[in-house]
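What follows is a set of notes on a single structure, which appears directly below.
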Amino acid sequence: MENSQILTYLLFTPIIGAVIILFMKESQTVLIKIFGLLISLFAFAVSLYPYFNFDYTNPDFQFIHKVLWIESLDISYHVGADGISVLLILLTTFITPITLLSSWKAIDKKIKLFTMMMLLLEAGMIGVFMALDVFLFYIFWEAMLIPMYFIIGIWGGEQRIYASVKFFIYTMLGSLLMLVAIIWLTVAASKNIGLYTTNLILLYQQAPNIMLDIQKWLFLAFFFSFAIKVPLFPLHTWLPDAHVQAPTAGSVILAGVLLKMGTYGLIRFNLPLFPQSTVEFAPFISILAIIGIIYGALVAMVQTDMKKLVAYSSVSHLGFVVLGIFALTFESVQGAVIQMVNHGLSTGALFLLVGIIYERTHKREIAYYGGIAKLVPLFAIALMFASLSSIGLPGLNGFIGEFLILLGAFQSQVLDSWWYVVFAATGVIFAAVYLLWMYQRVVFGTVTNEKLNTELTDLNAREIIVLVPIFIFIVWIGIYPTTFLDLSEAPVSAILEHVKNYTFNFLY
Amino acid sequence: MIELIYLTILLPLLGFVINGFFGKKIGNEKVIGLIGSSTVGISFVISLLALIETINLPVEQRTNVVELFTWMSVGSLNISFSYLVDQLSLVMALIVTGVGFLIHVYSIGYMHGDKGFYRFFAYMNLFIFAMMNLVLGDNFVVLFLGWEGVGLCSYLLIGYYYDQKFEKGTVAQAAKKAFIVNRIGDFGFLLGMFLIFETFNSLNFLEVFSQAKHLTGAESTFGFIALFLFIGATGKSAQIPLFVWLPDAMAGPTPVSALIHAATMVTAGVYMVARASIIFASAPVILAVVAVIGLLTAVFAATIGLVQTDIKKVLAYSTVSQLGYMFLAAGVGAFSAAIFHVMTHAFFKALLFLGAGSVIHSMHHQQDIMHYGGLKKYMPVTFLTFIIAAFAISGFPGLSGFFSKDEILWFSYANGNFVYWLLGALTAVLTAFYMFRLVSLTFFGEERFSHDKYHPHESPKVMTIPLIILAVLSVIGGWIGIPEVFSGEHGNVFHNWLAPIFLDAELKLAYYGAHSHTEELILMAISVSAALFSMYGAFKIYTQRREIAEKFALKFKKAYMVLLNKYYVDEFYEATVIQPIQKSSEKFLWKIADNKLIDGIVNGTAVVITSFSSVIKKMQTGVAQVYALIMMTGIAAILFWIILSL
């Protein structure tokens, strides 16, 4: 096993950046902004190293760096990445500079603190995606909550306190369950071999042997903590409030990366640690996912606030991801992984765009707008493009994910019924309904609100620079997803193989 | 040229990119129009050369696949951007690029002076790109890419005048409606693809169809696949129950109606059914459903067409009705007749729409035929070409529509039954009637418009030349499909050309027609004379005796109102589907389930914890004795518990 420190360098890049900013003067706002942006761009560059040096044929974790931390409990600083991690790390390092650039003007107070928080948040997220020690994972999982809490609480909208407290209650409940589950898991696993460890790779071999009665509870504890983060129906109500109150940068990070930690956790923990429980709970979880797909879409449809609409659409989209994971076929899980990235890009773009006009008018109500295509043509094109990506138009990214998920779920032996997909696929209809309806009311028609004439200006150069990279990847994934599917191919097939090996009623 | 077929797809894409990104900078209408139409024109030439090359190949080598690159490769799913060049796809490609090219040229004149000129041409080229993917794709997924792509272009082009009103609503609403109704169909298409993949472990046409040919005893699987695919077709090709979007699609510029909503996109469903003919042939029950839905749509839409007064609305319902004919043909296993009608319909319906556009253009966007009249002397070319198209669609002997319609009617009897034929013939009579009502009210009779406001004039050459070419095609286009009964030993050329494609399906269906040529001629004579009588009647009534029509409408006021309001289908959907979903989503799911129920539990928990802690905190008195007391109580309790458990 090669020992590489590249992931550690990557993890510490934003941390060191934040520490340097700590010693900068509050008043040097421009310098802080530029420095923060450069650090995040540097982190992106560093994250390309594991991508370019990735061994596609190897399903195991690569670039492993392991340092023993607490010897008596065999807790280590232990990081590594497989294809799924690499993909999500890239998503994180890609989205972070975009959000920093997008909030150049929008954030006008406590810029120093904001930039630090964003960088720490980035480090936390990267850490989650590379941690191979359950204890370390928990630390990153918690650490990243704090900057997010502050981002909503300090730079948020009028009801930011309510939203951030709600966010905190929900996620703390999840974290608590996870902590209990981690302790219980490691203790239960240690009984089998008489050695206590928090090493995830070792636990993969031990945990599936835990008695099914206990395993089920462990599965549920992990599942609930991840399901809150996803968020899976009916644990989703923190999301609309958090999104609406968060500043644009917060929303983009939240939708783009944070939610994926939940689905990532399901793939990284629930599936390989508790294969038998996974198979047994899969139908129930899939039903929740499908309810989420339809429920999220229907509630999105009737929203009067653009940001809330996009937030509820996330509930719907993430439902697809969860369905893909628990359909447990190669196609569906591959679809779920690529859909995590897709959702980050298209919903990220939608939040950026909503933020862009909010910055000009300070209004999010759909009814306030109308006919703005004439006033801001570039914006209208960009919003159409992002909407089409989110709707899942073939040729753009969203289609690849949804298609693979639904196609896979349809063949799923674990679900073993068409009905799951028949209901889930209605999501493609509703997605068109809520997004195009919003588009029609906001962009088309005639300008009814006189104020818009003076308030609105079209996309400026900075905003175009923010959006174009996202759009490039939206097309890239839509036309040539192989670049990204290849990354996750080996690990996904290994995980499914692992699940299959440890279950006695898994049919292929 | 076969191996270069991908150029027919890439060139329109290039046109879209140039006009879409730089059109505003270019600014010059001539340059934009030239880029827009030449890319389609060159694609037509390439398609034509590929056709010639294919004709020169022996029959068994006429199926060629050109692969570009892998799109999705996951597990056993392997989808490429690869294109199938065979007899069927070449016919479709020629229709799309040929008629498409003429409409592009026409649009240079029609859209002249429009602020969004470049935007229009960019969308039109994007449409051709998507449509070519649809007809040339060698697997269901590339077909679906085109399928949704044309839907998007349709949406963008219907919504072209996005800031304007349309009937009771707005143009933007019409565009959205088209997209969403199509999506309902696409939902079916997706399920069809999933089931195909589950059954055949492939989505590649050649692979799936060759397996399907040999697969026996899977009638219910075939039935579901065919049903799901057909749901998709009813959306795209505007059949009952999903036809409601097409009449509203008329909100788009008229060349768009000609290209997308008459000649090409709406026939995609027919193409798809024909392409998957072996699957439909293996599911006889669903095939009968296809026939019946097609037939009902044909009659139903034709009756609505009788009373509409908007020139484009009449043509729109006519299109719905003619598409019904095509599905009737497919439903009785006459797939090549269906494709034949796709082709002739593309000629005369495109011509009708473009002619209507020419009229609308000269009448300052007045579309109500009650405000036309006597236009033939102002615009002779438009008039002449329009009336040729009207004769063609009405099945006047010798013109293109005659051959294709006759073939469909004949097969609906020979492979179907007398009722199919009777309703089909009734549709032909209704078609002849509303077409000549339209012709009479537009071009004949007294002028019902004020000369102060309107100055009718002939359109420029760039518009009339495409009209003339299409008129020629509307006349001679059917001559390649002259039925055996007239052509004798040569047989039906068009039918023979496509025969290898539909061979397996026809073998499976095994219709052994024990019908004589005499039967065929008698039925033909009846339907043709009825249609001719109907044309004459309509012409007489609407040029000379309009009071007859008015009296008729008064006498059967209820029936008339039902037709005028299109059987209230839109209102029915609004009340039974749209409103309930919207209301329950807002009033129940959002305001009650989400805000009261789930949030209630979350916030309730928070309240409980707060109130609990406000009780607990009273214990924090700061008095050391109280703490000691509590501690002692605790120790005592633990001791007690240990003793008990010993």
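Throughout, a chain's letter reflects where its sequence line sits, starting with A, and its residues are numbered from 1. Worth knowing before you read on, the calculation uses all heavy atoms, side chains too, and leaves out hydrogens, waters and symmetry mates.
When each of V421(A), T482(A), L406(A), L173(A) is checked for heavy-atom pairs under 4.5 Å with chain B, L406(A) comes out on top. When each of L77(B), L597(B), L195(B) is checked for heavy-atom pairs under 4.5 Å with chain A, L195(B) comes out on top.
Residues G478(A) and W71(B) share a closest heavy-atom pair of O-NE1, 2.7 Å.
The aromatic ring centroids of F144(B) and F403(A) lie 6.0 Å or more from each other. For W418(A) and F224(B), the gap between ring centers is short of 6.0 Å.
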Report task. For the pair L145(B) and F399(A), evaluate side-chain contact (heavy atoms from CB on, under 4.5 Å) and give the outcome as yes or no after the intermediate values. Result -> CA-CA 9 Å; L145(B) 168 88; F399(A) 173 71; over 6 Å; no
Requested in this report: Give the intermediate values and the outcome of side-chain contact (heavy atoms from CB on, under 4.5 Å) for residues F444(A) and T170(B).
Outcome: CA-CA 9 Å; F444(A) 286 153; T170(B) 61; over 6 Å; no
Requested in this report: Quick one: do V302(A) and K587(B) satisfy side-chain contact (heavy atoms from CB on, under 4.5 Å)? Show the steps, please.
Outcome: CA-CA 9 Å; V302(A) 293; K587(B) 300 262 165 8; over 6 Å; no
Query - L407(A) and L190(B): CA distance, side-chain angles, deciding distance, side-chain contact (heavy atoms from CB on, under 4.5 Å) verdict - result: CA-CA 9 Å; L407(A) 181 100; L190(B) 278 171; over 6 Å; no
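Contacts between D241(A) and chain B at a heavy-atom distance below 4.5 Å involve the side chain alone, from C-beta outward. Looking at K374(A), both its backbone and its side chain come within 4.5 Å of chain B, counting heavy atoms on both sides. Using a 4.5 Å cut-off between heavy atoms, L388(A) contacts chain B through its side chain alone, with no backbone atom that close. Contact annotation for E331(A): both backbone and side-chain heavy atoms come within less than 4.5 Å of a heavy atom of chain B. Proximity to chain B involves both the backbone and the side chain of V422(A), based on heavy atoms less than 4.5 angstrom apart.
No more than 12 heavy atoms of other residues, nucleotides or ligands lie within 6.0 Å of CZ in F21(B), so this atom counts as exposed by the packing criterion. In Y56(A), the OH atom is crowded: over 12 heavy atoms of neighbouring residues, nucleotides or ligands sit closer than 6.0 Å. For CZ of F224(A), the number of neighbouring non-hydrogen atoms (other residues, nucleotides, ligands) closer than 6.0 Å is 12 at most. Counting non-hydrogen atoms of neighbouring residues, nucleotides and ligands closer than 6.0 angstrom, the CZ atom of F423(A) reaches no more than 12 such neighbours.
Of the N and O atoms on the side chains of T237(A) and D599(B), at least one donor lies less than 3.5 Å from an acceptor on the other residue.
The backbone N or O of V428(A) lies less than 3.5 Å from a partner atom in the side chain of R183(B), making a donor-acceptor pair.
M301(A) is listed as a side-chain neighbour of I581(B), based on a closest heavy-atom distance under 4.5 Å.
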